[in-house]
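Right, one structure below, let's go through it.
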Protein chains: 2
Amino acid sequence: MPARTGSQRPTLEQVAALAGVSRGTASRVLSGASNVSPSAIAAVRAAAAELNYRPNLSARSLVTGRTGLVGLVVNESNDHLFSDPYFAEVSRGAHDALSEADVALVLTLAGDARERDRIVEIASMRLDGLLVIHGHSDTELVAGIERVRVPAVFSGRVPIEGESKVWYVDADNRGGARLATDHMLGRGRRRVVHITGPLDMAAGHDRRLGWQDALDAAGLERTEAMVEAGDFSPASGAAAMRALLERVPDLDGVFVANDLMALGALQTLAEAGRSVPDDVAVVGFDDADAARASTPGLTTVAQPMADIGRRMAELLLQQLASPDTDPVHEVLATRLVERGSA
Amino acid sequence: MPARTGSQRPTLEQVAALAGVSRGTASRVLSGASNVSPSAIAAVRAAAAELNYRPNLSARSLVTGRTGLVGLVVNESNDHLFSDPYFAEVSRGAHDALSEADVALVLTLAGDARERDRIVEIASMRLDGLLVIHGHSDTELVAGIERVRVPAVFSGRVPIEGESKVWYVDADNRGGARLATDHMLGRGRRRVVHITGPLDMAAGHDRRLGWQDALDAAGLERTEAMVEAGDFSPASGAAAMRALLERVPDLDGVFVANDLMALGALQTLAEAGRSVPDDVAVVGFDDADAARASTPGLTTVAQPMADIGRRMAELLLQQLASPDTDPVHEVLATRLVERGSA
DNA sequence: CTGAAAGCGCTTACAG
DNA sequence: CTGAAAGCGCTTACAG
């Protein structure tokens with residue numbers, strides 16, 4: 001007798017009995033097999049409806065070896081990441097694509113090393129695969145995933161440099177950053193500095209490269225003094241902007257690696273008496289809600305976040321269907337959203 | 001043979017064989033039962049470690065009747081809700097409490113009626129219970145949950161008015177709103193208007209009541225013209241602020257039902273040439289990241305979001321352990337966070 | 001097209 | 001304290 005009270009849910013056995021067929025036939029009907037007679041189909045469907053039958057997924061999993069569960073791994077050692085719209089949108093895209101395949105998303109937060117190990121363990125026990133969001137390039141997690149051989153797709157290129165052996169979907173961060181910087185250069189800015197994201201994340205690393213590309217292509221001077229690192233939080237953006245104003249007093253543009261930091265930078269600029277966009281142009285990245293609410297509105301680079309999630313899910317499903325395929329990598333285009341700040 | 005390739009994971013049978021005991025005894029050791037000999041414990045643990053044994057959770061669920069899976073229901077028919085920090089923090093709190101009990105969170109997004117039905121269906125098939133976040137007072141969802149008798153705990157009072165038959169954990173929205181409004185009144189403001197959240201959400205409804213409480217207690221005039229509804233988005237906050245400035249030109253304070261809308265209101269005030277806090281005091285609600293990044297910093301009401309999630313999880317676990325208990329309701333305290341805007 | 005049967009990997013009274 | 005056995009609810013070759 002199950003521990004759970006009131007679990008007198010109808011079983012396939014009862015559906016079959018009511019329909020006057022065997023359990024095997026009932027199973028075939030409900031799983032949509034082709035080799036069943038029309039009369040059996042009708043009888044079983046009617047019986048299932050009458051009893052309000054819902055299959056016991058644990059029983060199904062036990063025999064199929066599939067749980068219909070995919071882990072959504074969020075590396076939130078950094079508090080700000082989790083409230084980042086990126087997480088929300090990518091999750092939504094993944095959720096939608098997975099729902100269509102009757103696969104559910106299990107939320108797994110990887111705060112520290114202990115939790116990361118735990119995720120790999122949980123994955124090996126009850127998950128068909130993993131969707132890994134963002135992830136400060138986490139070599140341990142990648143190693144753990146490879147060790148237990150659980151299918152996985154990452155959001156963002158992994159690893160940051162060198163050949164990738166894992167599946168991933170990424171936005172064209174480098175191209176987007178180039179777009180942002182070119183936009184300012186095209187409007188006459190000549191001293192465009194950069195506030196980076198965490199450089200151990202592909203997004204941080206690549207956006208920096210895009211900024212470099214633009215400056216180099218324009219033949220402008222580019223020094224280390226023109227770059228200051230942030231951690232994607234508003235406070236870090238404000239601090240980085242202060243450092244840059246100190247080091248490069250004649251700056252007239254700043255490409256900030258995300259919107260949250262750009263908001264912080266905007267505040268610092270206001271406090272320093274520099275008007276935006278007249279004195280200094282500012283472009284962020286992400287097209288976050290907050291980018292719309294700032295004064296002036298933040299010009300930013302939008303990435304197709306929901307599409308990234310959707311493609312991640314599709315690639316995982318594909319990987320589940322045919323394991324041992326070579327890793328697939330996809331890069332999705334970004335676009336500039338002009339508002340008032342540049 | 002299971003469909004999944006490479007699923008030659010060791011079974012309990014193999015662990016038992018290696019340990020030289022029966023499957024039953026191995027099971028007892030691994031589940032921490034007390035009636036096992038020390039030597040059996042040692043042998044089984046060693047064997048499990050050597051084989052790197054991980055229990056098959058589907059098999060366990062099949063006999064226990066418990067899946068160890070709890071659904072996190074997010075009503076995101078409103079886009080902004082999902083990127084709200086509330087979601088992130090509550091989820092994190094719930095996740096942490098649940099992890100300790102080896103229970104995993106399944107993300108379920110309730111975008112439309114169809115998805116809502118689907119959630120109830122999924123719940124009845126594979127979830128032990130439901131944690132429902134925010135939820136525009138969704139009577140259909142509540143009805144569906146009661147119909148399939150799945151244990152659930154809501155964040156936020158349900159229903160908005162009248163006796164509640166469901167379990168919930170809520171922040172003291174009314175008290176917090178009172179705190180916010182009193183703060184402005186205490187500093188000499190006399191015309192404090194209010195931008196509400198969706199009034200079909202307990203948070204929106206109760207925060208409005210708190211604002212009323214404060215004005216009434218101070219014996220100040222309070223009219224319908226002093227209230228404008230928003231939907232928790234920055235844009236709606238900006239629009240509401242415009243309407244209020246029109247109707248109540250001599251306003252000197254505004255209590256905004258959340259920070260995102262407060263940011264929008266701040267922008268409108270700036271465009272209208274009203275300085276904050278000199279001309280108009282502004283207080284938000286949530287203590288969102290963005291509240292720190294604005295200029296001036298937003299004075300706001302913080303609610304213990306992670307604690308709400310944690311308590312929700314604990315109450316659900318309690319409900320699972322002893323079903324048919326009377327519903328429990330918990331209200332957690334809020335506090336004022338002073339920054340520059342009031 | 002269908003039924004009978006085996007089996008997925010576990011837990012849990014039951015007897016001893 | 002332990003083993004043998006039943007059984008959780010499904011799917012899937014297999015034979016017909």
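Each chain gets a letter, A, B and so on, in the order its sequence line appears, and its residues count up from 1. From a predicted model like this one, the values you see are computed outputs, not experimental measurements.
Distance, L12(B) CG to dG7(D) P: 20 Å, rounded to whole Å. Between the OH atom of Y53(A) and the P atom of dG9(D) there is a distance of 10 Å, rounded to whole Å. In this structure, the CG atom of L62(A) is 13 Å from the C1' atom of dA6(C), given to the nearest Å. With rounding to whole Å, R60(A) atom CZ is found 19 Å from dC8(D) atom P. For the pair R23(B) CZ and dG7(C) P, the interatomic distance rounds to 13 Å; values are reported in whole Å. Between the CZ atom of R28(B) and the C1' atom of dT2(D) there is a distance of 6 Å, rounded to whole Å. Taking atom CG of N56(B) as the reference point, atom C1' of dG9(C) lies 6 Å away to the nearest angstrom. Between the CZ atom of R66(A) and the P atom of dG9(D) there is a distance of 24 Å, rounded to whole Å.
The listed nucleotides are dT2(D), dG3(D), dC10(C); the one nearest the side chain of V63(B) is dC10(C). Nearest nucleotide to the A40(B) side chain, out of dT2(D), dC8(D), dA6(C): dT2(D).
A donor and an acceptor atom never sit less than 3.5 Å apart when one is taken from the side chain of R9(A) and the other from the base of dG9(D).
Put simply, OG on S61(B) and CZ on R126(B) are 10.5 Å apart, with the number rounded to the nearest 0.5 Å. The CZ atom of F87(A) sits 11.0 Å away from the OG atom of S155(A) when rounded to the nearest 0.5 Å. The CZ atom of R92(B) sits 9.5 Å away from atom CE of M305(B), with the distance rounded to the nearest 0.5 Å. Interatomic distance, OH of Y53(A) versus CD of E13(A), reported as 10.5 Å (0.5 Å rounding).
Within the 4.0 angstrom heavy-atom criterion, base atoms lie near N35(B). At a threshold of 4.0 angstrom between heavy atoms, the contacts of S27(A) include nucleobase atoms, whether or not backbone atoms are also involved.
We find that R116(B) and E121(B) are not joined by a salt bridge, their nearest charged nitrogen and carboxylate oxygen being 4.0 Å or further apart. Of the charged side-chain nitrogens involved, none lies within less than 4.0 Å of a carboxylate oxygen, so that D326(A) and K165(A) do not count as a salt-bridged pair.
One finds a side-chain N or O of S37(B) lying less than 4.0 angstrom from the OP1 or OP2 phosphate oxygen of dT2(D). Under 4.0 angstrom from either OP1 or OP2 of dG3(C) there lies at least one side-chain N or O belonging to T25(A).
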Dot-bracket for DNA chain C, 5' to 3', Watson-Crick and G-U pairs with both distances under 3.5 Å, [ ] for crossing pairs, | for partner on another strand, reads |||.||||||||.|||
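Each of V132(A), I119(A), V166(A) was compared with I145(A) under the side chain to side chain contact (heavy atoms under 4.5 Å, CB included) criterion, and only V132(A) meets it.
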